[in-house]
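Presented below is the structure to which this report refers.
The sequence lines fix the lettering, A, B, ..., with proteins before strands; numbering per chain opens at 1.
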Amino acid sequence: MNSPLATVNKILTYSCVDGPGNRLVIFLQGCNFNCVTCHNPYTVGLCDHCGACIPTCHANALEMVNGQIAFDPSACDQCDACLDICPISSSPMVQHISVEDILEIARKNKPFLNGITVSGGEATLQLKFVIALFEEVKADPELKSLTCFVDTNGHLGGQSWGRLLPVTDGVMLDIKAFNTALHHGLTGQDNAKTLKAAKTVQDAGKLYELRFLVIPGKTDTAAEIESLTSFARALGPDIRVRLNAFQHHGVRAEAEDWETMAKTGIDKIAAHLRKAGIPEVITPAFYL
Amino acid sequence: MQEIFEKLRSITDDKTLNPAQKARYLSLEAENMLPYPALDAQTADALKQRVICDMYEGHAPYKPRYVLPDYSVVLKNGSEYLELPPPETLDETINTLMIAYHHVPSVTGIPVYIGQLDDLLLPFCDGVSDDALYRKIKLFWRYLDRVLPDAFMHANIGPTDNRVARAILRVDAELKQIAPNLTFLYDPKISTEDILAMATNNIVECSKPHIANHPMHAEHFDDRGYGIVSCYNVLPIAGGASTLTRVNLKEVALRADSTAHFFAEVLPHYMELNFRLIEARVDYLFNKSNFFTSFLVEEGWIDRDRFTVMYGIYAMAEAVNILQEKEGNAGQYGFDDVANALGYRMSEEMARIVQNRPLENVWRGRAMLHSQAGISIDEGATPGVRIPYGTEPDPVSHVQALAPHHQYYTSGISEILTVDETIKNNPEAMLQLCKGALESGFREFTANVASNDLVRVTGYMVRLSDIAKFKACRGSRTNTTALGAEAADGTGILDRKPRVVGHELSPSYGQ
Ligand code: SF4
Ligand code: SF4
């Protein structure tokens, strides 16, 4: 089998925020958006082996071998100094992992898992790997009860969705903003593909949850919330919306000066959505 | 004498204790003025140095540490001594139990076991509507917390899915009281998924109940069964435990030159001294104290032959790390495979030693190994085989690191998994975590959710808001808050990543 390798930033065997139940989460490296509000910006870029991070490592976990960055996990104490210095929001600590490696981790943790979620970065950038992984999970007698979810920004073309959805059980789709100019300002990209993807996924019966990041003065405006409400309602009667509150953790550059989103504001928006007939509105379990 | 007077005076005049709490501490002081049961010099010395420890149970064991009455006896026969006829209605049954609890001795004076409540109450529930049942249980629960306010008082339900268990879970989540402590016995062949989900949803709500691995416990007991009491102690019904003494593995490891020396000489030596300590205490209880002339024995609530002894161990994490250092290994307990394997070897070896050492006046002639959760004065010693507070890995890795120990600790072992509060939006994750832990060989699943006011300290519950009040010197209605406050200050227990607390022991005043 010509098995694709994934570029993986991190793997968690415990997560209760990436879909239903406890999930094995694979954070894939690399993103096609460049959100100033990203909470894990070091998953955005793909390492170009410039070597700038090597001297920042106090634990000698990094070195250059044949022009490639080499990382020694046993020496690393997760101080994250290398992440802070990287000029292109990448990480020298990524691993290259095969489908079989992930299946092995899933088997070892099977009793604890409801499913597997690929997240990122932008998971769909490594589409070939994701499809191969989900196909293998579904073909494996021991693992097939695990549900396969994708956490995505939706910036994926229709044809590709056509290949991904048949092997996917659920999609968590992030909408950053409805106003196109605002979306462009926040992400560096257009939102047309994302909005279209929401419909495609919902029509396939695979939209688990729509996610919306509420930023004071930007995406909490009456116009944005109205767009969210009508968009979600138009999708169907059984839609589930998760409101995330903008916080400073991890964010970069000018976003650090933005106001954080408070519980009162979120609760008001949630009430509005519920009143408009959105059956399930999830709000943060806590605020930093 | 002057010194004793001062100590007694400080108890009688204490600002934060209520009269009943004062009376208990005064009685402990009086008991401890008596000489200790005779010990040989080596044992006495090891006790003094606290390599072995008697949990400050007192110098004259005149009652077993834990008593688990078979309450079905009084419900069936009534009690001649208490002048009670057999109950006929649900109200009469609950009333009989409420009376019975006051006659059950224990180390703290408050019963540590209040029964397998669904089995006891169900036969009296015919014709009682769900709503009436819920309201009666609610009053019963309020009574328990207000009149017997100790987080070590423990109720059991399960493994069947039944009306009483459901009403109890509903009331427990609603009232969020410290007392009683609660365990749901889970058997994948008998329990429904639905009631397990109800129980794990309660954990998300209020960090209770514990979920016990029923098939794994049941195999060590007979037809009369077992109960989970106090923190998570697993003991024979109609009996209990005469005493709980424990070995501080950290102190043992400090006295060893190497891992080989530890296993060949030092560990067996101190384990033997702990057996002698057990023998001295059991001898006093059985042959001098006259405890077994009690009406409880006469009427068949308890049986003299059904009292085991709990062989406690603790501070395994420190012991392993000390030996790792002596061997020049860097890996830490809980995180490193070599360190973890050394821990498993200790558990296996201790279980073997306990299995090979006969004891008189002990149920089945052998002690039962116990991963002891610690008391409020322990410092620098992690409870049982747990991973030190504040350094625990994620819940799944946590379970995987500790699961291999669980088979050996037949009288109880428990790890507290701290789970962050995002789980409140996803209770299904708690259910799966629980199933995963039990399937991996955990005897018991216990979790604390980070933001809950009700948290577990070492196995018992405290309210964080009570600790704050207690510190502000207003005293606490519940007996376990003082313990929780001591434990929180002294043992780093609230460093536990998400905080969850519970209580059991304040062994003596001001300790
Ligand atoms: S991680 Fe960043 S800084 Fe380090 S070599 Fe790669 S691109 Fe350069
Ligand atoms: S996170 Fe690890 S690799 Fe990066 S600088 Fe720190 S020790 Fe070095």
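In terms of heavy atoms, A:Lys108 sits closest to B:Gln400 at O-NE2, 3.5 Å. The minimum heavy-atom distance between A:Phe112 and B:Gly436, with the atom names listed, is CE2-C, 3.5 Å. Listed here is the closest heavy atom pair of B:Asn425 and A:Thr283: ND2-O, 2.8 Å. What you find for A:Pro20 and B:Glu428 is that their closest heavy atoms are CB-OE1, 3.6 Å. Closest approach of B:Ala429 to A:Cys16, counting heavy atoms only: CB-CB, 3.6 Å.
Only the side chain of A:Arg242 comes within contact range of chain B, judged by heavy atoms closer than 4.5 Å. The parts of B:Thr422 that come within reach of chain A are both its backbone and its side chain, each placing non-hydrogen atoms under 4.5 angstrom from that chain. Neither the backbone nor the side chain of A:Ser15 comes within contact range of chain B; no heavy atom of the residue lies under 4.5 Å from a heavy atom of that chain.
Heavy atoms from other residues, nucleotides or ligands lying under 6.0 Å from CD of B:Glu325 number 12 at most. Residue B:Glu174 places its CD atom among more than 12 non-hydrogen atoms of other residues, nucleotides or ligands, all under 6.0 Å distant. Within 6.0 Å of atom CZ in A:Arg107, more than 12 heavy atoms from other residues, nucleotides or ligands are found, so the atom counts as buried in its surroundings. By the 6.0 Å contact criterion, CG on B:Asp337 is open, its count of non-hydrogen atoms from other residues, nucleotides or ligands being 12 or less.
Of the listed residues (A:Leu113, A:Leu12, A:Ile282), the greatest number of heavy-atom pairs within a distance under 4.5 Å of chain B belongs to A:Leu113.
Note that CG of B:Asn426 and CG of A:Asn114 are 7.5 Å apart. Values are rounded to the nearest 0.5 Å. Rounded to the nearest 0.5 Å, atoms CG (A:Asn22) and CD1 (B:Ile423) are 7.5 Å apart.
A side-chain donor-acceptor contact under 3.5 Å links B:Gln432 to the backbone of A:Pro111.
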